[in-house]
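Here's the structure we're looking at; comments come further down.
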Amino acid sequence: MWCWAKLPNLRNLQGLQIQLSNISLLAVRNNTCGSKNDLKQVLKSKVAAEQERIKKFRKEHGKFKVGEITIDMMYGGMRGIKGLVYETSLLDTNEGIRFRGLSIPECNEVLPKAPEGCEPLPEGIFWLLLTGDCPTEENVRWLSKEWSKRAKLPAHVLQMLENLPKDVHPMAQFVAGIAACSSESKFAKGYTEGMTKAQYWEYAYEDVMDLLANLPLIAAVIYNRFYKNEETCMKVDTSKDWSYNFAKLIGFDDPGFVEMLRLYLTLHCDHEGGNVSAHAVHLVGSALSDPYLAFSAGMAGLAGPLHGLANQEVLVWLSKLKQKLGESPSEDQIKGYVEETLKSGQVVPGYGHAVLRKTDPRYISQKEFAEKHFPDYPLYKIVSTLYKVAPPVLQATGKIQNPWPNVDAHSGVLMQYYGLTQMNFYTVFFGVSRAIGVLSALIWSRALGLPIERPKSMTTDALMELVKSSKK
Ligand code: CMX
């Protein structure tokens with residue numbers, strides 16, 4: 001059983017002791033590299049030790065059986081099969097996600113904030129996921145500066161985005177923009193020029209840093225052209241953080257919106273390795289496709305309505321609810337709307353999860369933000385009423401494993417409140433955030449020398465034969 005020592009109310013942890021049964025381990029260490037802010041150097045000091053630790057572990061326990069696979073699991077989307085190593089985060093069915101051992105409330109508490117803000121900076125969670133260390137304020141300031149220095153979109157990418165027809169969905173534009181940046185890949189160039197396997201992670205790191213620096217620019221070009229018919233002013237302020245610059249690029253300078261974006265970009269960053277976007281990046285990256293190509297594959301997966309696009313679907317669904325029932329519907333009316341949705345054979349977007357069996361802590365964190373900043377906003381009230389009335393209706397079907405809301409049930413409301421009303425852009429925000437986690441994991445996959453992924457598939461006939469021969 002997990003038992004957490006009470007968190008010190010400190011911005012920079014001096015070392016956080018965690019008890020796991022009788023074992024005491026240091027899950028999050030403070031940045032041991034003293035004044036060093038250069039992330040690559042910090043990482044360098046960890047890679048060799050981690051390679052050695054895993055080598056020893058595999059030598060001693062490589063043949064240990066982790067689980068069994070049933071035919072239902074194979075037809076059921078591989079639920080419950082433990083088949084991937086992914087270092088940056090781990091999802092507990094009941095408790096939700098932990099980033100390098102820290103829960104969301106713990107991250108919100110300990111990660112550095114902007115000088116004028118209260119919400120965690122996404123730069124901090126990137127540092128945490130990549131190094132396992134809780135960053136100092138100095139670390140995140142270094143990272144903000146580093147990303148703003150690297151922000152420079154190639155002209156041909158800009159031109160390609162400008163030439164796309166306006167009815168191409170923003171997520172399809174996002175995928176295309178990211179893939180087109182592959183022309184700049186240091187990893188791909190290094191491979192062609194004969195980099196060694198030991199160097200893979202360093203080249204991947206450079207691409208990841210460039211990509212993270214440029215994602216807000218790609219997103220902003222799409223947003224400004226699609227919704228405002230405007231060219232994007234590509235200037236970023238090197239004295240400001242990533243979220244501030246992103247908000248500014250799309251024309252939002254309300255400090256409330258910027259704070260919301262900092263929280264949003266932190267919360268959506270990672271959800272262990274088996275979800276569609278993370279797994280796609282991991283899989284494509286394992287073929288040594290460069291980080292731009294691997295990440296664009298992940299974003300194509302995030303664009304599916306059962307995954308990241310659910311945040312858009314939630315708002316579309318809520319808009320129809322408001323059209324039908326008005327701004328302030330009663331509990332009974334909202335319950336009736338959920339029942340009608342189910343009766344018509346549609347999913348209730350924002351509810352359910354493949355792994356989680358409780359309310360998503362990312363939902364709770366967004367709810368707390370809304371409660372603090374706009375408790376009387378009518379759309380927030382509808383979302384809160386849904387939280388009360390939808391789970392029993394979903395549970396009553398008898399087939400839905402998790403009747404509780406996931407992250408996507410709340411995010412759109414935050415955007416709507418601050419005036420970002422263009423719903424089909426919401427998944428792009430999700431994607432910018434998801435880059436933080438899946439690309440940190442990609443660097444570690446190359447650092448650990450993980451091979452090309454190639455699970456065995458079977459035909460139904462071959463499975464039937466397997467069952468038959470086991471009975472002989
Ligand atoms: N509304 C209606 N039906 C639902 C449902 C929901 N919110 N959630 C699950 N179900 C249905 C499934 O479609 C499935 O029906 P069939 O047996 O007829 O095919 C049945 O309940 C069992 O599904 P499950 O085991 O509970 O859930 P899965 O692991 O198969 O699917 C998920 C998980 C998220 C795809 C599903 O809950 C869903 O479609 N939710 C709505 C979309 C959504 O919010 N997605 C975002 C998830 C978070 C993210 O990745 O971003």
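Every number for a ligand or one of its atoms is a count from 1 in the order of the listing.
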Determine, stepwise, if the pair Arg434 / Asp270 fulfils salt bridge (Lys or Arg N to Asp or Glu O under 4.0 Å). CA-CA 6 Å; Arg434 190 42 65 96; Asp270 210 22; 5.3 Å; no
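- For residues 163-173, the side chain to side chain donor-acceptor pair (under 3.5 Å) pairs, not counting sequence neighbours, are Lys166-Asn229, His169-Gln312.
- Within the structure, the salt bridge (Lys or Arg N to Asp or Glu O under 4.0 Å) test picks out the following pairs touching residues 206-216 (sequence neighbours left out): Lys40-Glu206, Arg150-Glu206, Arg150-Asp210, Lys186-Asp210.
- The pair Asp133-Lys46 meets the salt-bridge criterion, since a charged nitrogen lies less than 4.0 angstrom from a carboxylate oxygen.
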Protein N/O near ligand 1 N/O, under 3.5 Å, which pairs?
{"from": "ligand 1", "atom 1": "1 (N)", "to": "Val348", "atom 2": "N", "distance (Å)": "2.9"}
{"from": "ligand 1", "atom 1": "7 (N)", "to": "Val348", "atom 2": "O", "distance (Å)": "2.9"}
{"from": "ligand 1", "atom 1": "7 (N)", "to": "Tyr351", "atom 2": "O", "distance (Å)": "2.8"}
{"from": "ligand 1", "atom 1": "15 (O)", "to": "Lys399", "atom 2": "NZ", "distance (Å)": "3.4"}
{"from": "ligand 1", "atom 1": "18 (O)", "to": "Lys399", "atom 2": "NZ", "distance (Å)": "2.8"}
{"from": "ligand 1", "atom 1": "26 (O)", "to": "Gln401", "atom 2": "N", "distance (Å)": "2.8"}
{"from": "ligand 1", "atom 1": "29 (O)", "to": "Arg79", "atom 2": "NE", "distance (Å)": "3.2"}
{"from": "ligand 1", "atom 1": "29 (O)", "to": "Arg79", "atom 2": "NH2", "distance (Å)": "2.8"}
{"from": "ligand 1", "atom 1": "30 (O)", "to": "Arg79", "atom 2": "NH2", "distance (Å)": "3.3"}
{"from": "ligand 1", "atom 1": "40 (N)", "to": "Tyr351", "atom 2": "O", "distance (Å)": "2.9"}
{"from": "ligand 1", "atom 1": "44 (O)", "to": "Gly350", "atom 2": "N", "distance (Å)": "2.8"}
{"from": "ligand 1", "atom 1": "44 (O)", "to": "Asn406", "atom 2": "ND2", "distance (Å)": "3.0"}
{"from": "ligand 1", "atom 1": "45 (N)", "to": "Leu306", "atom 2": "O", "distance (Å)": "2.9"}
{"from": "ligand 1", "atom 1": "50 (O)", "to": "His307", "atom 2": "ND1", "distance (Å)": "2.7"}
{"from": "ligand 1", "atom 1": "51 (O)", "to": "His307", "atom 2": "O", "distance (Å)": "3.4"}
{"from": "ligand 1", "atom 1": "51 (O)", "to": "Asp408", "atom 2": "OD2", "distance (Å)": "2.8"}

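- Residue pairs meeting the salt bridge (Lys or Arg N to Asp or Glu O under 4.0 Å) criterion with at least one member in residues 318-331, sequence neighbours excluded: Lys322-Glu327, Lys324-Glu340, Glu331-Lys388.
- Remark: the backbone N or O of Leu130 is paired with a side-chain donor or acceptor of Trp444 at under 3.5 angstrom.
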